[in-house]
Every structure is written in structure tokens, then in C-alpha cells.
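Single-structure report; data block below.
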Amino acid sequence: MAFLKFNKAELVNLSYSLKREILLASKTGAFCNTSIVTCNTRRYHGLLAVPVDRFGGYCYMLLSSLDESITLRGKRFNLGIHCYGDIYEPRGHKYIVDFDADPVPMITYKIGEIVFRKSLVLVEDRDQLLIRYELVKAPSKVKLSLKPFLSFRRVHDLTHENGAARTEAREIEGGASFNLYEGFPDLNLQLSGAGAFQPNPLWYKDITYSDEMRRGFDCREDLFVPGTFETELAPGESIVFSACTGAPVPKAGIKRKFTSAVGKIGPITSFHDQLVRQADLLIRDGNGHKQVVAGYSWLLTGLLRETLYSLPGLALYGKHDPKEFEEILDNLIADEQERLLHRTTQVEAPLFLAVTLQQYIAYGADDAHVWRKYGPTLKAIIESYLPGRRAEVAMHPNGLLWAQMDGVALSWMNTYVDGRAVTERAGYQVETNALWYNAICFALAHEKKGAFAEKWAGVKALLDENYQRTFWNADLGFLADYVDGYGQHLELRPNQLWAVSLDYRAVSDEIVSEVMRVVNAELLTRRGIRSLSPRDNRYKGVYEGSQIDRDLAYYNGCAFPHLLSQFCYASFNMMGANFIKRAEWLTEGFYEDLSKHGVGAFSELYDGDPPHEPHGAISSAMTTAALLNINWLIAKYREEEK
């Protein structure tokens, strides 16, 4: 795929290439994430990270990197690259002449007359990384040496030389097995062809992660190298290296497994295909329990808000798989009873269930089936907001939800600096109450009679009377972000988009138009919706600097791509098919960025200021889902226009 290729000039320029990351993921939750020159710059980087059930399902980095060396006629060329302080050694990237990401990452090296290529793939249904090495061209046989760097630590942490590490190797067919600490799975390293493991245990000290250093985090660790795998390759020959957990794989089947794994990856013929591929990577099937991964490499799996928001885009508009949609939703409801019905620090999150179900019905699901299966859960969620049910949020006599827990940010805007919430927003939150109104109206549309209807119709009437009056500010022409005992808080934020984009709205059409005019003028960018207006003195348009600097910028200026879908829902409601070209224009920029940040993936957030550089998780479920939502809307309105 042409837009996922890099040339030699780009690859040898470390200031360019180290900012571009590759990501591979399996259905088990295992992942491979590193830079396009395979130099790790973050603590999350490595060749094989796997979820470990014994440690709560968190991901642990087992194989950090693998240094390749080629020896021809007694002369050795090291293709690896590591950072030690501000020194890169060895500098194997200087031999790279080509990088291609489709269908799998493939890096080509040229050393004089030698052309050498490696391709990486993760097996879909197990924790296994396969790397194929091909000697494309050479004047004679070469010796290939592979030096594994082991970490065996949680992806958020760093490790150092210690006496507790079990450094011995266990011989297995085609290689060796390692297990540095009690409770970890074995890491089996094997070659598909002739070769041998030569023990030479050694700790490599002070390997430095440049991105962590730049942000002011702990950035140095020690990695254990147990020895070297050695083999010979003749021109035209290839060999496959396997790293897996569980039982060692039969040596004879390693090459076939590589071919099979690559064959299961469909061709990429359009940007939409790339979106669908990323959607598939973001759905995990660990131990037969499907969940949404909020984002790679550090966001968690199975989060309530992120799953409810992303699920329609990933499973329906991306994969067109209603069965998988229901399976993931059923798992989420079973897993998240506490947050759905009793307590959560994102008070709006349970109310997203109504939006998720509405999108399922809009996609084509049978309305009666959806309500029969999920209606009881939604009704229980609505009831849970009555006074005395939750400590963090409750319905007031005016029908509105008041959220307050001193010192706690009770919404999706939940960053903290030195233990203090950056955007606490205690009181009546504009988006929480918009979602509250939508959920009640959706439930009443299906429960027209009986005790529930009698009880909640009165609450709807209160909201019809009080929502617009509470939040609307006619002088400024937009909705207050939240309202507390001191009155309206009038920082211009995107949360009011929910009030104008949901199926059921408690504001007039005139207010919808006014809000969209202001959002379009001050918050809209081609990479998402800003979290705060640039006219606000708290606005920070660039997500850079220390952890504190970035936390202050996160919800005070960063642009969030996932909010574009709500902007587009509201715009299509207002303009119909006349908005198609504008919607296409708003999404085109993300495809231009596929060679930035996460190669082929869709980033979590962007700078609010031009040129809107990407940041955060390199592959975000919410961003991917939002772009799929918008594509679906474009197709829907284009079809209606015919």
C-alpha cells in the first residue's frame, strides 16, 4: 500500500523514523509495538507483550527486542539499534533501505552486495510472534545471529538487573525456553531451520527510552540477554524465528504458520479497508471472552465508556457483525454491573447504553428484540440515578442529575495534576444530563404504559422544562459546560455536542443551530473537536512537555477525533445530504496521517493548534469507531439522495 511505505532517506533520519510506530495485535490481547526501525523509544515498546491471567490479565513485556547480525567472510554487520543515554549503538538503521507495512511490516536492509529482509506477524489466536528472515541477495552464504533482549515486566514498568531473575535456559526443539520469574508463562524462542542457541548470559545496562526521557519519566532499564541463536543462510533462503508462550511449537510447522498467518490478513485496497483492519485488531477474544481494547499500547481492555461508545462503529459499521456486537455487549454488561448500577467516576458512562442500542437499531436490528433483551438493563440503570442509590450522582427534584464528589473528576474529563482534578466539573454537567434525557426518552418510547412509564414520564416533563433553561446562555449563544451553586460555568467545551446530536434532545432547533455555529467557529479542526476554545486563557494548543504540561493540555485544548462523529450526526440532522462533502473533508486528513505516529492506525488525540500533530495511544478504539460511524453516515445519506 503506497501510503504505508517509507524510503531510505526517511528511515535513516532518526528524528523522523523514531516517531513512527508499528503495531501488531492478536485476538488474545498480545501485541508487538516498536518504531519502524525497531528501536524502542517507550516503555510500552517491545516485540512480544502478552496478557497474563495470573497477574490480573495485565499485559507483560516478555521479549523487548531482537538484534540481528550478519557475518560475511569474517566481517560482521549488526542490524540492531538501542539508545544508551543520548548515544545510539549499534546503528543498524543505517542499512535500512525500505519499509513496507502491507500486509505485514517488512524491513529491507542493504549492506554492500547483501540484500536482507525481515517480516513480522503476530499469530491471530495465540501469543506468538513470527519473524521471517530472507537473504534476498548475497555473494555467498552468511551467518545470521539473533540476540534476544528479555524483560519479563509489566508494560507500564521498567526492570533492572537483579539476583531473583532465573537466567538459565531450557532446551527445546529448535531453540530454548526462558522464564525469568515465578508466575510468568514460559517464553519459547525457536528457529524453523537448522541452527543452535549459544548461551552467554549478560545484562545490558541503562537502555534508554527517548520518548520517556523527553517527558521527564523514568526512562532507563536493564535487559537480560541469555545468549545468541545462530544459523546460516544461502542466497534465496529464508528462516522463521518464533517467540511464543505456552507449549513450544513443532519446529517443522513454524514456516507454515508464518505463511498461514500472513494469508489470513486481507488485502488493503482502500482507506476504509484500513479502518476495518484496525477495528478488528481492537477486538480481543481472550479465553473466549470478547472485549474492546480501548487503545494500544497502554489503554485498558473492557472499559465501560470506551466500549459502549466504540462498539457500534467497530462491530457494526466496520465488521458488519451483529452477533459479535451482542456478544461483546453481553460480556460488558456482565462484567460491569458495579459501574452500570452502583458507582462509577464517569457518571455519564452507563447512560451511553441507550446510545449504543439506538445505533444498533439504526443499523437494522429488530427494535422489539433489542428492547426485550437490553431494556431491563437500561431501566435498571435509569433507576440507579434516583436519590440515595449512588454516592457520586443523583437526580434532583428538577429532574436533572447532580454529580459531586469532592476532589474527584466525575466525567470523561478526568485528568489530575498533583492529585487535584484539572476539570472537576461538580454540579449539573451538560453532557451527562443530555444523555440522561435521551436514555429516559428512549426507554419511554418502548414502555408506553405501566409503572415505569407513569413514573418517568413526569421526570421527562421536568427535564423538558429545566434542561434548556439551566444550560442555555443566550448572550453567548452556547450551552454552559456545567452549572453549580455559583451558576453557569461558561468555558466553551465540546460536551454540549451531546445535547444537539442525540436522538432525543431537550433543546430547541434554534439552539441546536446556535451551538453548532459556535462549535464550528471555535472548536472544530480537521483532526477533531478541541476540548476548550482557544479564546480561553487556560487553552493549551500543543500536547508536549512534562507530564503536568500534557495533563493540563489534555482537556484544555487537545482535539479529540471521536467527537467528530457527534458533530457529523448533528450536522447531517440539520443539513441532510448537503453535508456529505464537508464530512468527507473532515475525515480525509486522518488518512493523510497514516504514515505518522502509529503506521496504519488512528490516534487518540491531536494538538489543538495547527499543524495538529497526533498524540496519545497510537491506535484508539474511539477514533477508529468514530471514523467508521462517519463513513456509515456518508453512505446512508448518499443512498437517500439517490
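Computed from a predicted structure; not experimentally measured. Values reported hereafter were calculated over all heavy atoms of this structure, with side chains retained and with hydrogens, waters and symmetry mates removed.
- Aromatic ring pairs are classed by plane angle as parallel below 30°, tilted from 30° to 60° and perpendicular above 60°; the pair Trp371 and His446 is parallel.
- Counting non-hydrogen atoms of other residues, nucleotides and ligands closer than 6.0 Å to CZ of Arg339 gives a total of 12 or fewer.
- Side chain to side chain, Gln547 and Arg550 meet the donor-acceptor criterion of an N or O pair below 3.5 Å.
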Distance-only check: which donor-acceptor pairs under 3.5 Å involve side-chain atoms of residues 570-580, not counting sequence neighbours?
{"from": "Ser571", "atom 1": "OG", "to": "Phe567", "atom 2": "O", "distance (Å)": "2.8"}
{"from": "Asn573", "atom 1": "ND2", "to": "Tyr569", "atom 2": "O", "distance (Å)": "3.2"}

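- Between the side chains of Arg390 and Ser384, at least one donor-acceptor pair of N or O atoms lies under 3.5 Å.
- A donor atom on one side chain and an acceptor atom on the other are found under 3.5 Å apart for Asp464 and Tyr437.
- In the model, Ser619 has a side-chain atom that pairs as donor or acceptor with a side-chain atom of Gln278 under 3.5 Å.
- Residues Arg517 and Asn520 bring no donor and acceptor atom of their side chains to less than 3.5 Å of each other.
- Of the N and O atoms on the side chains of Ser297 and Asn33, at least one donor lies less than 3.5 Å from an acceptor on the other residue.
- A donor atom on one side chain and an acceptor atom on the other are not found under 3.5 Å apart for Asp367 and Tyr360.
- If you take CE on Met395 and CG on Asn433, they are separated by 11.0 Å, rounding to the nearest 0.5 Å.
- The closest side-chain donor-acceptor pair between Arg493 and Asn556 falls under 3.5 angstrom.
- In summary, the side chains of Asn438 and Trp498 do not present any donor paired with an acceptor at a separation below 3.5 Å, with no hydrogens or angles considered.
- A side-chain N or O of Glu326 and one of His369 form a donor-acceptor pair less than 3.5 Å apart.
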How far apart are the C-alpha atoms of Tyr543 and His615, what are their side-chain angles, what is the distance that settles it, and do they pass the side chain to side chain donor-acceptor pair (under 3.5 Å) test? CA-CA 7 Å; Tyr543 184 74; His615 298 283; over 6 Å; no

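- Every salt bridge (Lys or Arg N to Asp or Glu O under 4.0 Å) that Arg638 has, sequence neighbours left out, goes to Glu584.
- A cation-pi arrangement is present between Lys379 and Phe452 under the rule of less than 6.0 angstrom and at most 45 degrees off the ring axis.
- Neither side chain, Tyr58 nor His156, offers a donor N or O lying under 3.5 Å from an acceptor on the other.
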Run the side chain to side chain donor-acceptor pair (under 3.5 Å) test on Tyr309 and Ser565 for me, step by step, so that the C-alpha distance in whole Å, both residues' side-chain angles and the decisive distance to 0.1 Å come before the verdict. CA-CA 11 Å; Tyr309 184 94; Ser565 66; 2.7 Å; yes

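- Contact annotation: the side chain of Leu353 approaches that of Thr377 to within less than 4.5 Å [non-hydrogen atoms, C-beta and beyond].
- A donor and an acceptor atom, one from each side chain of Ser546 and Asp549, are located under 3.5 Å apart.
- Note that CZ of Phe590 is 5.0 Å distant from CG of Leu564, once rounded to the nearest 0.5 Å.
- In this structure, a donor-acceptor pair under 3.5 Å is present between the side chains of His597 and Ser603.
- More than 12 heavy-atom neighbours from other residues, nucleotides or ligands sit within 6.0 angstrom of CD on Glu640.
- Here the straight-line distance linking atom CG of Leu316 with atom CD of Glu324 works out to 9.5 Å at 0.5 Å rounding.
- Side-chain contact between Val519 and Leu497 is present, with at least one heavy-atom pair separated by less than 4.5 Å.
- Using bins of under 30°, 30° to 60° and over 60° for the plane-to-plane angle, the ring pair Tyr317/Trp632 lands in the parallel bin.
- Asn398 and Tyr428 share a donor-acceptor pair across their side chains, judged by distance under 3.5 Å alone.
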So Lys27 and Asp280, salt bridge (charged side-chain N to carboxylate O under 4.0 Å, His left out) or not? Walk me through it. CA-CA 9 Å; Lys27 288 300 180 184; Asp280 190 51; 2.8 Å; yes

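- Close placement of the Phe560 and Tyr555 rings is indicated, their centers lying within 6.0 Å of each other.
- Counted by atom type alone, Asp335 and His289 present one or more donor-acceptor pairs between their side chains at under 3.5 Å.
- Heavy-atom neighbours of Arg154 CZ from other residues, nucleotides or ligands within 6.0 Å: above the threshold of 12.
- There is no side-chain donor-acceptor pair under 3.5 Å between Glu348 and Trp436.
- Residue His272 holds its NE2 atom at 8.0 Å from OH of Tyr591, rounded to the nearest 0.5 Å.
- Rounding to the nearest 0.5 angstrom, the gap separating the NZ atom in Lys290 from the CG atom in Asp321 is 6.0 Å.
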Start with the C-alpha distance between Glu465 and Arg469, add both sets of side-chain angles, then the distance that settles salt bridge (charged side-chain N to carboxylate O under 4.0 Å, His left out), and finish with yes or no. CA-CA 7 Å; Glu465 179 183 352; Arg469 183 168 63 187; 3.7 Å; yes

Criterion side chain to side chain donor-acceptor pair (under 3.5 Å) on Trp456 and Glu383, from CA distance to verdict: CA-CA 9 Å; Trp456 290 98; Glu383 295 278 351; 3.1 Å; yes

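- In the model, His612 has no side-chain atom that pairs as donor or acceptor with a side-chain atom of Tyr606 under 3.5 Å.
- Atom CG of Leu308 is separated from atom OG1 of Thr356 by 4.5 Å, given to the nearest 0.5 angstrom.
- Checking Glu604 against Ser620 by side-chain atom types alone, no donor-acceptor pair falls below 3.5 Å.
- Between Tyr467 and Trp472, the gap from one ring centroid to the other reaches at least 6.0 Å.
- Looking only at distances, no side-chain donor or acceptor of Gln429 sits under 3.5 Å from a matching main-chain atom of Tyr482.
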Go through it in stages, so that I can follow the logic: the residues are Tyr554 and Asn414, the test is side chain to side chain donor-acceptor pair (under 3.5 Å), and I'd like the CA-CA distance, side-chain angles, deciding distance and then a yes or no. CA-CA 10 Å; Tyr554 199 77; Asn414 57 357; over 6 Å; no

